[in-house]
Amino acid sequence: MMIMMNGSDYKAVITSDLHMSALADPSDAIVSLMKLQRPVFDAFFDMLIKEHTDLLILCGDNTQSGSQADMRMLAKYLNTLEKSGIRIIMTTGNHDFDCGQEELYEQLFFPLLKPDEKDPHSLSYLKRIGSCTFFAMDDHEGRRSPSGSLKDATMKWLERKLREEQKSGQKIIFLSHHSLHADAWMGRPDFYCLRPAGVKELLVRYGVKLACSGHLHDPKIYQSSLCEIVTPMLLSGAHMYGEMHLGETSLHYQLKPFAFDGLLAKQVYEKDQSAYENRKAVFDKILKDSLNEYELQPCLNSLMRWFNAQQSGMVYERRNEFLHDEGLVRALDVLEKTAWGRWIRSSLDPSCVSSCEARIEY
Ligand SMILES: [Fe+2]
């Protein structure tokens, strides 16, 4: 396979939060496929090669802890891609530095990432592919900090480079781990959103139309003065990833479910069933004090239908169904003052756009 040439269309796969762990028996208490991650990643990276992907974009939390073993495991997968002619653009994430070190990250990954220009103050860099310039930002803070921010010096570097790339007529795509937008359900937006607060305005000033991030683990697309695609994680939820077709005058993004095969498909199904039951038990616990036994089951079923749609990026497409779903309306009354209630309501807000598809015209 040959990498795209200047001016031609190409296909990128975009995902985030691989949370790759080299532990022999990682915990799956939060991420349902954690114990199946090796066969899942083998299948996923095989698909990238077989389907002639030109570019893989990873939006951070690429490893679970950033330990030497985790980082080397990721480097092995990425090296195989590079040998197959697939380019890689990757941002850092907070988990990559839970016990990871910047020096090792740079030593292992920068020879693969081959930045065109690098910020001297962080692991941020830019990479040009044809008429697109990708800014892969490093927003990690100290160890075990869930928050994300860009240093003052990195902000100055970003502004200088945005000006230069805009001047040379490049289409700019901004990548970070934390997102530029906040949601109504976020009790602590600083755990989720990129700081400083003015990054989005800075990007808009330099004509940036698209930003991509991760960290939330579920798919989401925000549409404001720019479009922000939040990419989901492969190991949990509906096991989705994003496919992007980049052309000279437009970019099309679509969310896709990863297709598991054979024995792995059966194992994933079993894990998903138990994740479904665990989630239902959480809702059951919250609702059962407020609802009688006849109300409870329809409410639980409605909540689970919403939850599955949320994880597949399909709430927008099914909004009318949910707004008229009596079980969901009743459940929302009970959940009114909880973060769950705010989350569900905000997903049904008319300002929300499709989470599974986006098109940008240049
Ligand atoms: Fe994260």
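Whatever order the structure lists ligands and atoms in, that order sets their numbers, starting from 1. Model, not experiment: these values are computed from the prediction.
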Exercise. Show your working on side-chain contact (heavy atoms from CB on, under 4.5 Å) between Y105 and M90 and close with a plain yes or no.
Key: CA-CA 11 Å; Y105 188 99; M90 177 169 99; 3.2 Å; yes
Quiz item: Under 6.0 Å between the ring centres of Y77 and F44?
Solution: no
Self-check item: Check: H95 ring centroid to H19 ring centroid under 6.0 Å
Solution: yes
Quiz item: Is it the case that H239 and D272 place a side-chain donor and acceptor less than 3.5 Å from each other?
Solution: yes
Practice problem: Please find out if less than 6.0 Å separates the ring center of H252 from that of H245. | Solution: no
Quiz prompt | Closer than 2.8 Å to the Fe ion (ligand 1) - protein N, O or S atoms, ordered by chain and residue number | solution = D61 OD2, N94 OD1, H177 NE2, H215 ND1
Quiz item: Are the aromatic ring centres of W306 and W340 under 6.0 angstrom apart?
Solution: no
